[in-house]
**Student:** 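The structure follows.
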Amino acid sequence: MGQSTTTFNIDELITSYIDNQISDPELKSQIEAMLSKDEKLMRKYKSELLTKQMLSSKLPVIDVPEKTYRNVISSIDGIIEQVKSRSAAEKVEYPTFWQTIKHTFKAPFLGIPRYAFGIVAVFILGIFLIFGGGGKKTKNPYILAGTEKSIMVQAVNSFHKILSGDVKPELSSSNAAEVEKYVHDKAHFEAFVPKIDNYQLTGVVCNEYNGQNLAHLIYKDGHDEIIYIYQTPLTSVQKKNLDLPDEVANEITKMKYYMCDEVDDNNCTMTLWYKGNIICVSMSTMPKKDMYAAFSSFNK
Amino acid sequence: MKKNNSKTENIIKNTELQEPENTVENDEFAESEDNPLNELNPGELKARKKDFEKEAIPHMKLLYNYALRMTGDQLEADDLVQDTFMRAFRFFHKFERGTNCKAWLFRIMKNCYINKYRKNKKEPAKVDYEDVQNFYDSIRDDVVDPNDLEHKVFSNLLDDDLMNALNSLQDDYKTVVILCDLEGLSYEEIAEFLDVPIGTVRSRLHRGRKILQKKLRDYAKSRGYTVESQV
């Protein structure tokens with residue numbers, strides 16, 4: 001403090017004095033003497049002190065809101081989960097495969113060269129992948145890490161069942177009011193049944209999962225392309241009957257929707273949003289850009 | 001006294017005032033394709049989280065309050081805090097144990113704020129410190145003892161007025177005012193946070209408060225209070 005006092009502005013010394021940042025007792029006494037002699041300086045001192053006190057009293061330090069704290073912790077957990085699932089996937093796909101091949105070629109087994117078993121294994125694996133054993137791959141980390149309870153995973157699975165014809169509408173109708181009443185009677189919540197340009201409502205299915213009522217709306221265009229909307233009350237997440245990743249929930253709160261593509265092998269697009277007390281999840285084979293245009297139009 | 005002031009002001013003027021940073025180049029904590037966490041196994045990840053919760057999470061209050069006052073918006077403050085901690089967790093291997101974790105986190109937040117949040121904000125109009133100083137001197141010459149009256153007038157201002165006045169400061173001034181007057185940090189700590197000399201902290205603080213005083217007087221005037229005429 002003392003080394004450069006000669007170049008100090010006296011006003012700035014007063015600032016240091018107000019903040020109790022002057023450790024040199026001699027300098028402190030000098031300032032106090034100046035203040036007692038110089039009225040103008042004293043007024044400046046009081047005025048600056050008042051500003052400092054006003055700031056600390058009118059804008060006090062506040063505690064971190066619980067929600068902010070939880071968001072930070074769950075974001076960190078989310079990163080960890082992503083890294084874990086990625087490294088688990090890498091371990092399964094690459095090292096095991098190459099180690100198996102290498103081992104296959106090393107020694108005979110029961111008098112038959114091991115590569116023969118390898119060829120058979122590759123053949124079987126190929127058949128498995130071609131005829132449905134490969135599953136629906138996704139690049140979305142939340143779907144990748146999601147369990148059966150995940151709303152996102154459920155929407156993808158239900159959409160595939162509708163596409164394959166395994167699930168058909170319980171009520172076939174293009175009448176929105178009729179569909180709304182059906183959901184009200186069967187699932188006991190008010191469904192959101194939008195009008196979607198170039199698509200026609202074809203029907204609805206209701207079911208229950210983990211004590212939670214769900215509704216599935218199906219729309220088709222003239223080429224049998226489908227927009228599917230999964231719906232469930234928000235309470236399903238609050239009661240933890242169903243899962244919605246915190247990051248996705250935050251994004252919906254912030255942006256009013258969450259949209260992702262490359263949801264499965266067909267590069268389907270998924271959109272999540274809240275409509276009143278309902279969580280809606282749409283699935284479509286439309287590219288993200290087109291889905292955004294459709295979504296903006298029907299979710300006004 | 002006045003003579004000394006003008007001599008020393010020139011020295012300060014030449015050395016202290018800088019243009020505010022528009023972006024932080026080579027931000028070592030910026031988001032990138034390579035995630036250093038990918039190199040960790042599950043056990044190491046778990047250990048890092050535990051370590052992070054012990055070292056970094058306790059400083060969330062300071063960072064949240066700084067974010068809230070800098071952005072002036074609770075949602076943006078939430079996002080800024082979240083971004084900061086995500087980056088800090090990702091780059092926690094760069095934090096040197098035993099050093100000041102609070103200052104390390106603060107630097108991440110500052111970079112994050114400059115590069116991501118301030119881009120969308122309009123920089124406050126620059127206030128000429130000379131004008132503020134002259135304004136202050138002139139009103140003081142006219143009055144007998146305005147401190148009590150000033151106290152009454154300022155006390156009647158709305159919290160929003162104070163928030164607006166704070167938001168009107170340039171970021172460099174606002175930062176030191178927040179850290180010193182709201183968060184109660186010492187000059188030494190602020191200097192470490194900002195990586196600037198203590199003299200710069202003092203100078204910015206003094207100027208920041210002066211500009212605030214003028215702003216508050218303007219608000220008081222616009223609400224019908226006039227310190228000078230009432231004396």
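Keep in mind the model is a prediction, meaning the values are calculated, not measured. Side-chain atoms are counted along with the backbone in the values below, which use heavy atoms only and exclude waters and symmetry mates.
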**Student:** Could you tell me which portion of Ser56(A) (side chain, backbone, both or neither) has an atom closer than 4.5 angstrom to a non-hydrogen atom of chain B?
**Tutor:**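 When you check distances to chain B, atoms from both the backbone and side chain of Ser56(A) fall under 4.5 Å.
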
**Student:** Between Arg202(B) and Asp11(A), does at least one N-O distance fall below 4.0 Å, as a salt bridge requires?
**Tutor:**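 Here Arg202(B) does not pair with Asp11(A) in a salt bridge, since their nearest N and O are not under 4.0 Å apart.
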
**Student:** Using a cut-off of under 4.5 Å on heavy-atom pairs, state which of Asp79(B), Leu62(B), Val201(B), Thr84(B) scores highest against chain A.
**Tutor:**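 Of Asp79(B), Leu62(B), Val201(B), Thr84(B), Asp79(B) has the most heavy-atom pairs under 4.5 Å with chain A.
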
**Student:** How about Met163(B) and Lys58(A): do any of their side-chain heavy atoms sit closer than 4.5 Å?
**Tutor:**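 Not touching, per the 4.5 Å side-chain cut-off.
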
**Student:** Of the non-hydrogen atoms in Pro60(A) and Arg69(B), which two are nearest, and what is the gap between them?
**Tutor:**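 Here Pro60(A) and Arg69(B) meet closest at O-NH2, 3.1 Å.
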
**Student:** Contact between Val64(A) and Leu63(B) at the side-chain level, heavy atoms closer than 4.5 Å - yes or no?
**Tutor:**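 They are not in contact (no side-chain heavy atoms under 4.5 Å apart), so the answer is no.
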
**Student:** Can you find a pair of side-chain heavy atoms, one from Met54(A) and one from Leu216(B), that are under 4.5 Å apart?
**Tutor:**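 Yes; the side chains approach each other to less than 4.5 Å.
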
**Student:** Do the side chains of Gln74(B) and Pro65(A) get nearer than 4.5 Å, heavy atoms only?
**Tutor:**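 Result yes, sub-4.5 Å side-chain heavy-atom pair found.
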
**Student:** Checking Asp78(B) now: which residues fulfil salt bridge (Lys or Arg N to Asp or Glu O under 4.0 Å) with it, not counting sequence neighbours?
**Tutor:**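 In terms of salt bridge (Lys or Arg N to Asp or Glu O under 4.0 Å), with neighbours along the sequence ignored, Asp78(B) is linked to no residue.
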
**Student:** Under 4.5 Å, heavy atom to heavy atom: which of residues 71-80 of chain A reach chain B? Give them by number, or say none.
**Tutor:**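 Hits under 4.5 Å: Asn71(A), Val72(A), Ile73(A), Ser75(A), Ile76(A), Asp77(A), Ile79(A), Ile80(A).
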
**Student:** Name the option with the most non-hydrogen atom pairs under 4.5 Å to chain A; the candidates are Leu212(B), Leu182(B), Leu45(B).
**Tutor:**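 Of the options given, most contacts go to Leu182(B).
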
**Student:** Can you say whether Ile18(A) sits under 4.5 Å from chain B via the side chain, the backbone, both, or neither, judging by heavy atoms?
**Tutor:**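 Side chain only.
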
**Student:** Determine the option with the most heavy-atom pairs under 4.5 angstrom with chain B, choosing from Ile14(A), Asn20(A), Leu59(A).
**Tutor:**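 Counting heavy-atom pairs under 4.5 Å, the top option is Leu59(A).
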
**Student:** Do Gln21(A) and Glu188(B) have side chains that approach each other closer than 4.5 Å (heavy atoms only, starting at C-beta)?
**Tutor:**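 Of all side-chain heavy-atom pairs linking Glu188(B) with Gln21(A), none is under 4.5 Å.
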
**Student:** Heavy-atom distance under 4.5 Å to chain B: side chain of Asn250(A), backbone, both or neither?
**Tutor:**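 Contact with chain B: side chain only.
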
**Student:** Taking all heavy atoms of Leu162(B) and all of Leu55(A), pick out the closest pair and write down the distance.
**Tutor:**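 Looking at all heavy atoms of both residues, the closest pair is CD2-CA, 4.0 Å.
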
**Student:** Below 4.5 Å, heavy atoms only, C-beta onward: do Asp63(A) and Tyr64(B) meet side chain to side chain?
**Tutor:**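 Answer no - side chains too far apart.
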
**Student:** Minimum heavy-atom separation for Tyr187(B) and Thr15(A), please, with both atom names.
**Tutor:**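 Taking every non-hydrogen atom into account, OH-O, 3.3 Å.
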
**Student:** Looking at Leu49(A), Thr51(A), Val61(A), which makes the most heavy-atom pairs under 4.5 Å with chain B?
**Tutor:**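 Of Leu49(A), Thr51(A), Val61(A), Val61(A) has the most heavy-atom pairs under 4.5 Å with chain B.
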
**Student:** Could you pull out all residues at least two apart from Phe295(A) that satisfy ring pair (Phe, Tyr, Trp, His ring centres under 6.0 Å)?
**Tutor:**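 Applying ring pair (Phe, Tyr, Trp, His ring centres under 6.0 Å) to Phe295(A) gives Tyr257(A), Trp273(A), Phe298(A).
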
**Student:** Only counting residues at least two apart or in another chain, list the ones meeting ring pair (Phe, Tyr, Trp, His ring centres under 6.0 Å) with Tyr142(A).
**Tutor:**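 Residues passing ring pair (Phe, Tyr, Trp, His ring centres under 6.0 Å) with Tyr142(A): none at all.
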
**Student:** Rounded to the nearest 0.5 Å, what's the gap from CG on Asn9(A) to NE2 on His206(B)? Could you check?
**Tutor:**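 Going from the CG atom of Asn9(A) to the NE2 atom of His206(B) covers 5.5 Å.
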
